[in-house]
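Read through the structure below, which is laid out as structure tokens, and then see the notes.
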Amino acid sequence: MSDLNQNMIEKYRNSFLKEVEANVEEGEWVKMCMQCGVCSGSCPLGKHWAHPPQEIFMMIRAGKREAVLASDAMWMCTSCYNCIVRCPREVPITHIMHGLAHYAKRLGLAPKGQPTMAFSQIFWDNMLKAGRVNELKLGLSLYFKDGFVQGVKNSLANAKLGQNMMKAKRMNAAEFFGGHGVKDVSGLQKMIKKAQELEDARIAKYGN
Amino acid sequence: MTEVVATNQTILVVGGGISGMTAAIEAAETGKQVVLVEKRPYLGGRVSQLHKYFPKLCHPTCGLEINQRRTKMNPNLTILTMAEVTGLSGDAGNYSATVKISPRYVNENCTACGDCGKAVSSEFPNEFDYGLSKRKGAYLPNTMAHPMRYVVDPAILGSDEAQKAKDACKYNAIDLDMKEEEISIPCGAVVWATGWKPYDAARIQPYGYDRFPNVVTNVEFERMADPNGPTGGKIVRPSDGKEAKNVAFIQCAGSRDRNHLYHCSRICCMATLKQCHYVTDAYSDANVSVYYIDIRAIDRFEDFYAAVKAKSNVGFIKSKVASVTQDKDGNPVLHGVNTEGYQRYANTHDLVVLAVGMEPSVEAGSFPVDILINREGFIEPAPENGGVFAAGTASDALDVNRSVQHATGAALRAIQVVNRVAGTEG
Amino acid sequence: MSAEKKLVGYVCTGCGIGDRLDAKQLLSTAKREGKLQECKQHDMLCNAEGVKLIADDIAAGATHIMIAACSRRAKVEAFHFPDAAMTRANLREGVIWVRPASGENSETTQEMADDYIRMACAELRTINKPSSSGEQSLIKNILVVGGGVTGMTAALEAAAAGYAVTLVEKSGALGGHAALLHKRVPSRAASAGTSNSRNAALPQPAENNVPELVSRVGTTGNISVHLNSSVAKTSGAPGRFSVDIAAESGSTSTGEFGAIIQASGFKPYDAGQLSEFAYGASPDVVTNLELEGLAKAAGDGPIKRPSDGKEVKSVAFIQCAGQRSDTQGHLPYCSGFCCTTSIKQAIYFKDQNPGCDTTILFDDLRTPGAAGEDFYRAGQQKMVTFSKGKATEVVPGSSLKVRFQDLILNEATEMECDLVVLATGMVANSGPDPYAPADAAQVPVASILNLQYRQGTDLPHLKHGFTDSHFICFPYETRRTGIYAAGPLRRPMDMQQAMDDAAGAAMKAIQAVENAGLGRAAHPRSGDLSFPSFRKEGCTQCKRCTVECPFGAINEDEKGYPLYNESRCRRCGTCMGACPVRVISFENYSVESVNQQIKNCNVPDEFQEKPRILVFACENDAYPALDQAAMSGKEITPWARVIPVRCLGSISLSWITDSLNSGYDGVVLMGCRRDDDYQCHFVKGSAMAAERMSKVGDTLSSLNLEPERVVLHEVAITDVERAPKLINDMADTVARIGQSPFKF
């Protein structure tokens, strides 16, 4: 991964903006930012961000590659879409934030142990197993991601929630043993694998 | 029946604001026959509702006085108020315009003595003050109105009120039997000067214009600063009448925004800088904040911007405000991020002024004339418009000076058409 | 006037005048004291019947009419009698609406009304219906000075209206700076129906249409072009300018013109003063105008940089270079065109090579209007980088280093690029300012018009060398009648605006021609036929009138007598106010016409304790303010007698001394604001009055009168509360210091 990072640095020596445009989902629309800051102001989680969205855009234009990609800012996005709705230039800010996060992770630059990233990985792995999300396992994986003792503590703390979800039939204890899935799991996995190969090849091509 | 003498060498000017008046007077003073059609009961349009002009901080009525005198003196000029052009047929040099004239219920006998106004008691929101004050059912639109003639509101028609007004008039000036008329006017060229309207601030939902009394628009603020306006020129909060010393201006309220108006309305930066003066002139301990994206004080207006920037009690914050809330004391609170250094703010002010932009007053699609308009509904100069020429803010977001400039040029283009007609005919 | 004078008066009793005043007495005052041959009463003079009554009398021989009714500003259309001399006594706004109706006031109210009748009658006896001088001539040719976009457009527009145009251009070709442009900024916004999505198709840089303009000028029959020529001499006045056009070859031709349009354009700012940006030190630092040359030279190929011919792969635009800055040598103003120009030029690079890095360093991006903001979007769509930053330095080298303060990230930073474009501004190409302070260290500039005027060779400047009009509502009104400035000479502007401006100036020029032909005044007393004349035998050749005329209208003959040049005159009367020997007058406005009003007003003896306060009010602002005060029921002291004047500048000191000598207790002068943001429609009239009045104190002390008996106020048309208060304040002053000792 760091090889890929190195390759990208070489390729886009001068223009991080171009790198973002080429490699980040919807990244080409960073250019439409008119620097009004309404996205940053209307973000409900904004005060928890190290760099609000517009600052991220400005940092991209200013070529602050490391600072952007290693930032945890874009991992804070909850996809409420308030920013896109308010943006006077229709910049797809939410998508770009996710695109940046994804790209940073791919390059191995995302901050270690970033909880949203960890959750996303757990979610992805969970979903990939059977083609459906297994809520019980997802919850347990999340609770136990920091070790057994912490896992038990987390579980106990959320026991009430778990019970209520079961009562409301939103979670099923039986899911622990296998659980539901799509009809053709291996077909799905093959499909994902192929997509990943294509994507890797595309990046590798750019990387060289 | 209203009779208008006109030929295919007559210039029809649609709209009696500063642009229309200018085009009409300039053409008339060059010896052309002009018919000026105005929808309101008086001339002057939106400038008559302004307290001061930038950058001189002088009063629009001063120039209106001159323009009105010029219209009164000029026999080449026919003015139709409360009239609208509803259709135009023909070609350059040979048009026929259909004009709908709404009844004023007051004829030219009116001496503006005011007896009818005193006789009636019913009140209506005063459109001259954007509804911030009330006017009577028989009223003079403003003290500088031209024609200087009262109007009877159709809403009191058929009531005792109407009769009281009529009975109070000693000059037989009130005619309750007036009917709407439709007349047709021949003309050779048309100057289209229908002007602008303020963007509907309620549509900018996060700013709470429709929910918070202390959020007002810049056009309302003009009325509030005017000694003849609803607050007697005092800058106070609508909610409780408290002096508004800590005032925030939100720029681009509805402009430069795909959710509202695409264009930059050009005037709002300068209007806000002017209104900063209103506040700092009124209160020595004023504290003004301007929230902006770009300050567009173009060409020599830069001096005006520099002078306001130099005031210690006016601050500029580069930020499009995200939202406005209201605290328990009725103070508006502005939320957003200052993009210069990224400070998140929640600033409390006494009053918020939304610098709303201008949009064409004629909706795209409801032009009674076949004319080329752009995405924003402004008229583009185009050969396919034939003998119809836009003037002033019907063509783009323009300030008064540029509107007058533009209208003067439009008058010439109309004259070119009628001079060609005159040449071919005689 | 050869025919016998017949003076007829009319007293209207409508609008409550008849209820509040004794009409019979008014009639008798008009006839016995006012010396009218006849005076009639009507209960609604402005209705069709009343108007007919007057019109019939005029038809039957009435030459002078006095209307005692409402304010002279009211019912103007009804009381429009061009065939008679007319005065109006303001009984409604001037008397009954400013006085309470209660019985104890009826005596003073009636006295007020009687005085206004006496004054109107006295004025009527001294005036005549003005007719034009016969000096006027109708020359329909128009001279346009300057063959750039503005001048060519003005010429084409005037020609299209049927007027012959002579176009004088200093250089050897038409087109000016605009001819050098590769492409132009689009003048239109997105067309109707364009989607609101971020990748909607938006207007792009357009073909430069200057060559087309040049060829249209060449093929338009009634435009004649003088290249390599300049204006050597301009004399005369609107309707009859005589202009010597000198060719570089040495030959001179003289032409007669009705009006002149000056479109001498701009000079590009001298970027040599921008050493911090390495202009001059590196050939790869160019101005925006120079970049147009590079782009043109490149044609459809890549733009190459001047130093080594290498294709430009990265370019930085520095906005506001040498502009919007109070640094010595910089321009304090914004030139208005440079933001869209830089966007256009960035697109040149992007269209050629989308990979080219283009960065625009700006402070405020100024792309106003619908077309402007759409063009900003178009630039963004092309991946132009807009950075809010202030460039501080350009370091020359094979790769240029631009140091700047990033205003968003709030840090000093730098970028490398192949080429730097300085978005430099425009400097007005105006002639020397006739009113520049003598001590101002000015770089001498050549005259452009060479006016043979008493007050200088060229159009006065407003600010920063631009000749723009001071008036927001009347942008074309220069201080030289019949000469109109257009384009970036007036204020910085882009090409589209210059073309619109040219049309407006052409309009005014045509109008000036037509009005000069009829002897009619230009703005603001448009249509006025009166003009100043003087009694030569009384003139002392003191030259005050020629110096003080705000419009430079008056020349001097070889003996030093004034030459009025009626069609240059704006009829303000400042010359009349300036004249110490009172020899200047208009047919319908003179020292005598006001003096008679002052004299005929009844000044009661001191024992009656009825002071008299004389008020001179500017007819455009103060007088309407008083009218509006009356409409809203404000009270004015019954001691006041208001005389409207054309301008405070027309006030003769003799009116003040004579009135004080004859027992008036106080004098209030109300004129327009006179500082840098002056509102005087005659530019200097109000300021002249203030200067003259500053010396009135000596006169008062020589008469042993208190200085506070004469006050001068700046009054705006909106001073509806204040204007009456200022008059009432004088009543208080008189009450405090006592009545004048000069009462009989």
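Chain naming here is simple, since letters A, B, ... match the order of the sequence lines and numbering starts at 1 in each.
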#### Entry: Reported CG-to-OG1 distance for the pair C:Leu45 and B:Thr111, which is rounded to 0.5 angstrom
12.0 Å

### Euclidean distance, C:Glu373 CD relative to B:Ser265 OG, rounded to 0.5 Å
9.5 Å

Evaluate the side-chain proximity of [Y] to [X]: yes if any heavy-atom separation is below 4.5 Å, no if none is.
| X | Y | result |
| --- | --- | --- |
| C:Lys388 | B:Thr339 | no |
| B:Asn401 | C:Phe471 | no |
| C:Val720 | B:Asn228 | yes |
| B:Lys52 | C:Thr718 | no |
| C:Tyr678 | B:Cys58 | no |
| B:Thr22 | C:Cys473 | no |
| C:Arg525 | B:Met73 | no |
| B:Tyr292 | C:Asp364 | yes |

### Task
Dump the intermediate steps for side-chain contact (heavy atoms from CB on, under 4.5 Å) on C:Phe474 and B:Asn67, then the final yes or no.
CA-CA 10 Å; C:Phe474 309 108; B:Asn67 278 336; 3.3 Å; yes

Measure across [X] and [Y] and return the closest heavy-atom pair with its distance rounded to 0.1 Å.
| X | Y | value |
| --- | --- | --- |
| B:Leu412 | C:Ala161 | CD1-CB, 4.0 Å |
| B:Thr408 | C:Met507 | O-CG, 3.3 Å |
| C:Arg188 | B:Pro381 | NH2-O, 2.8 Å |
| C:Ala370 | B:Asn374 | CB-ND2, 4.2 Å |
| B:Asp299 | C:Arg491 | OD1-NH2, 3.1 Å |
| C:Asp363 | B:Asp294 | O-OD1, 4.1 Å |

Counting heavy-atom pairs under 4.5 Å with chain C, which one of [options] comes out on top?
| options | result |
| --- | --- |
| B:Glu376, B:Glu380, B:Glu340 | B:Glu380 |
| B:His263, B:Arg402, B:Glu302 | B:Glu302 |
| B:Arg69, B:Glu29, B:Arg258, B:Met358 | B:Glu29 |
| B:Gly409, B:Cys113, B:Gly63, B:Cys62 | B:Cys62 |
| B:Phe378, B:Phe301, B:Tyr171 | B:Tyr171 |
| B:Val417, B:Asp399, B:Val418, B:Thr61 | B:Thr61 |

Taking side chain as everything from C-beta outward and backbone as N, CA, C, O, which of these in [X] sits under 4.5 Å from a heavy atom of chain B? Side chain, backbone, both or neither.
| X | result |
| --- | --- |
| C:Asp621 | side chain |
| C:Leu331 | neither |
| C:Phe337 | neither |
| C:Arg490 | side chain |
| C:Cys15 | both |
| C:Ala190 | both |
| C:Met426 | neither |
| C:Thr194 | both |
| C:Glu411 | neither |

So which part of [X] gets closer than 4.5 Å to some heavy atom of chain C, the side chain, the backbone, both or neither?
| X | value |
| --- | --- |
| B:Phe54 | backbone |
| B:Ala173 | neither |
| B:Glu26 | both |
| B:Arg149 | neither |
| B:Gln416 | both |
| B:Lys318 | side chain |
| B:Leu372 | side chain |
| B:Arg70 | side chain |
| B:Ala364 | neither |
| B:Ala306 | neither |
| B:Ile25 | backbone |
| B:Ile415 | side chain |
| B:Cys268 | neither |
| B:Met148 | side chain |

#### Entry: Worked check of salt bridge (charged side-chain N to carboxylate O under 4.0 Å, His left out) between C:Glu514 and B:Lys32
CA-CA 11 Å; C:Glu514 296 294 335; B:Lys32 303 301 162 195; over 6 Å; no

Between the side chains of [X] and [Y], does any donor sit under 3.5 Å from an acceptor?
| X | Y | result |
| --- | --- | --- |
| C:Thr367 | B:Arg296 | yes |
| B:Gln68 | C:Arg73 | no |
| C:His464 | B:Asp303 | yes |

### Task
Step by step, work out the side chain to side chain donor-acceptor pair (under 3.5 Å) result for B:Arg375 and C:Asn196.
CA-CA 9 Å; B:Arg375 177 167 65 167; C:Asn196 68 350; over 6 Å; no

With a 4.0 Å cut-off on N to O distance, would you call [X] and [Y] a salt bridge?
| X | Y | value |
| --- | --- | --- |
| B:Lys72 | C:Glu77 | no |
| C:Asp468 | B:Arg300 | yes |
| C:Asp677 | B:Lys56 | no |

